[in-house]
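For reference, the structure is listed below as structure tokens.
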Amino acid sequence: MEVINGEIKVVCDKIGINELFRCGNKNASSLFFHFETKFEPYQKYCTDSLDGIDLVVKDLDGNYLAPVEVKLTVLPSSGTSVKPQSEWGSEIVVRTATTSYLALGIWDKVKDQRDKIRDIFEETCARIESWTNDFEMSHKTADLVGCLNTFEKEFIDSQQPLVLQPFWKTKGQSPVLDDNAFDIVVWSDMAFSRLFIDTDIGKTMSRPMRATARMSRCLWELSKSGRIRIDSIYRQMTYNQQNDKEVAPSGTVWRGYITSDRIIKPIISTDEINNIILSPEHFDKLMPERRLDQSLYMYHNFEGKTNNIGEKIQ
């Protein structure tokens with residue numbers, strides 16, 4: 001994410017895996033991967049228990065390196081599949097754990113500037129009488145968006161990778177894999193926040209507006225005391241929306257941010273599948289009711305078959 005002509009813009013660039021895992025010059029054999037567990041360094045900012053995240057990266061000495069949320073998605077979404085391929089996008093469903101880690105991770109990087117952060121949010125947030133009141137919050141969201149815009153412009157150099165989004169590409173809405181089928185998008189925490197901050201503001205609280213309010217409250221309260229009751233914030237600020245997911249940006253919204261040509265031609269072809277899944281019996285463990293498993297199963301059993309001299313059967 002960058003500030004271009006005074007405006008916040010999500011821009012596409014390349015990132016190394018070492019930057020994603022925040023592991024410096026360490027190689028993969030020097031890392032330890034925990035799944036669905038808590039990133040303990042952020043617990044000190046919470047007076048209650050912090051949820052787990054998809055992936056926690058540590059080194060072999062037990063030092064915590066990075067929390068990573070993993071979002072496996074398919075391209076195209078049903079809504080964009082009817083459009084030209086250049087406009088295909090991928091819907092992404094966001095959990096509350098993602099946005100809570102987003103807020104805590106940003107705070108962890110900028111906490112030494114707490115007075116400046118409080119100055120950004122104080123005037124707007126101190127005037128909110130009830131963070132749980134739908135009517136009041138729907139009229140305060142625009143001001144909160146202004147606070148977050150100011151905050152992110154000020155601290156944009158502190159953004160960090162947070163969301164790893166591998167995707168597989170199919171031929172339209174069919175389960176058949178495209179010839180160039182796999183790639184990865186990595187979102188920084190601030191870039192990912194634009195998926196809800198940039199959403200239109202309505203008269204009642206939508207999920208993106210709720211996520212905007214929650215992020216603002218987290219940063220403001222952290223700037224005051226350095227700790228928050230994060231479970232209370234996410235449990236109380238529901239605004240009659242179900243709490244099973246935070247936001248679900250459509251494929252069209254997603255494509256507005258992800259402008260790389262690698263969306264049109266992902267970098268990994270289907271020819272690499274047999275180099276990734278090395279043993280044929282592993283294909284028998286696939287569960288075709290899962291969309292990616294279904295595509296891999298079809299490729300293995302129908303598209304990717306080879307004859308006894310290694311030629312692909314069409």
Single-linkage hydrophobic cluster, 4.5 Å side-chain cutoff, Val3 and Val10 together: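 Per the 4.5 Å side-chain linkage, Val3 and Val10 are co-clustered.
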
Using distance alone, with no hydrogens and no angle criterion, decide if [X] and [Y] have a side-chain donor and acceptor under 3.5 Å apart.
X      : Y      : answer
Trp187 : Gln165 : yes
Thr132 : Ser130 : yes
Thr98  : Glu69  : yes
Ser188 : Gln159 : yes
Ser90  : Lys169 : no

With a 4.5 Å heavy-atom cut-off, do [X] and [Y] have their side chains touching?
X      : Y      : answer
Trp168 : Asp183 : no
Ile273 : Leu296 : yes
Ile197 : Glu152 : yes
Pro166 : Val70  : yes
Leu104 : Leu222 : yes
Val163 : Lys71  : yes
Tyr234 : Thr99  : yes
Leu292 : Leu72  : yes

Can a donor-acceptor pair be found, under 3.5 Å and without considering hydrogens, that links the side chain of [X] to the backbone of [Y]?
X      : Y      : value
Asp48  : Asp231 : yes
His282 : Leu278 : no
Ser30  : Lys26  : no
Asp293 : Leu286 : no
Asp189 : Leu102 : no
Asn180 : Pro266 : yes
Gln241 : Met205 : yes
Asn27  : Ser29  : yes
Tyr297 : Lys285 : no
Asp178 : Ala181 : no

Yes or no on side chain to side chain contact (heavy atoms under 4.5 Å, CB included) for Phe33 and Val56, after CA distance, side-chain angles and deciding distance? CA-CA 6 Å; Phe33 299 97; Val56 169; over 6 Å; no

Nearest-0.5 Å distance that lies between atom [atom1] in [X] and atom [atom2] in [Y]:
X      : Y      : atom1 : atom2 : result
Tyr239 : Arg210 : OH    : CZ    : 9.0 Å
Gln85  : Thr80  : CD    : OG1   : 10.5 Å
Ile230 : Asp51  : CD1   : CG    : 8.0 Å
Ile201 : Met209 : CD1   : CE    : 6.0 Å
Ser81  : Gln173 : OG    : CD    : 4.0 Å
Leu55  : Phe21  : CG    : CZ    : 6.0 Å

Kindly indicate, with the supporting measurements, whether the criterion side chain to side chain donor-acceptor pair (under 3.5 Å) is fulfilled by Lys111 and Ser223. CA-CA 8 Å; Lys111 59 184 181 295; Ser223 74; over 6 Å; no

Locate the shortest heavy-atom distance separating [X] from [Y]; write the atom from each residue and the value.
X      : Y      : result
Gly172 : Trp88  : N-CH2, 3.4 Å
Asn18  : Gly24  : ND2-O, 2.6 Å
Cys23  : Leu31  : CB-CD2, 3.8 Å
Ser49  : Lys38  : OG-NZ, 3.5 Å
Arg255 : Ile264 : NH2-CG1, 4.0 Å
Met190 : Met1   : CB-CE, 3.4 Å

Which one of Asp143, Val145, Leu148, Thr141 satisfies the side-chain contact (heavy atoms from CB on, under 4.5 Å) criterion with Ser216?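 Checked Asp143, Val145, Leu148, Thr141 against Ser216; only one passes side-chain contact (heavy atoms from CB on, under 4.5 Å): Leu148.
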
Test Asp54 against Arg95 for salt bridge (charged side-chain N to carboxylate O under 4.0 Å, His left out), laying out the working first. CA-CA 11 Å; Asp54 287 333; Arg95 303 185 304 160; 3.5 Å; yes

Decide yes or no on side chain to side chain contact (heavy atoms under 4.5 Å, CB included) for Phe32 and Val57, but give the supporting numbers first. CA-CA 6 Å; Phe32 190 85; Val57 184; over 6 Å; no

Looking at Trp220, is Lys224 sitting on its ring face, NZ or CZ under 6.0 Å from the six-membered ring centre and within 45 degrees of the normal?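 Yes, a cation-pi geometry holds between Lys224 and Trp220.
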
When the ring planes of Trp107 and Tyr45 are compared, do they come out parallel, tilted or perpendicular, using 30° and 60° as the limits?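 Ring orientation of Trp107 relative to Tyr45: perpendicular.
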
Parallel, tilted or perpendicular: which one describes the rings of Tyr42 and Phe39, with boundaries at 30° and 60°?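 Correct class here is perpendicular.
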
After noting the C-alpha distance and the side-chain angles of Arg22 and Gln160, does the key distance pass the side chain to side chain donor-acceptor pair (under 3.5 Å) rule? CA-CA 9 Å; Arg22 309 180 200 174; Gln160 304 177 97; 3.1 Å; yes

Run the salt bridge (charged side-chain N to carboxylate O under 4.0 Å, His left out) test on Arg229 and Glu221 for me, step by step, so that the C-alpha distance in whole Å, both residues' side-chain angles and the decisive distance to 0.1 Å come before the verdict. CA-CA 9 Å; Arg229 290 188 59 83; Glu221 292 193 359; over 6 Å; no

Is the number of heavy atoms from other residues, nucleotides or ligands within 6.0 Å of [atom1] ([X]) greater than 12?
X      : atom1 : value
Lys44  : NZ    : yes
Asn275 : CG    : yes
Arg227 : CZ    : yes
Glu123 : CD    : no

Does the distance from a Lys or Arg side-chain N to an Asp or Glu carboxylate O, for Arg207 and Glu246, drop under 4.0 Å?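 Not counted as a salt bridge, because no side-chain N and carboxylate O are separated by less than 4.0 Å.
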
Worked verdict on Ile53 versus Thr37 for side chain to side chain contact (heavy atoms under 4.5 Å, CB included): CA-CA 6 Å; Ile53 194 168; Thr37 191; over 6 Å; no

What do the steps show when you test Glu2 against Ile8 for side chain to side chain contact (heavy atoms under 4.5 Å, CB included), and what is the final call? CA-CA 6 Å; Glu2 297 179 4; Ile8 295 173; over 6 Å; no

Applying side chain to side chain donor-acceptor pair (under 3.5 Å), run through Tyr64 and Asp59 and close with a yes or a no. CA-CA 7 Å; Tyr64 285 83; Asp59 64 22; over 6 Å; no

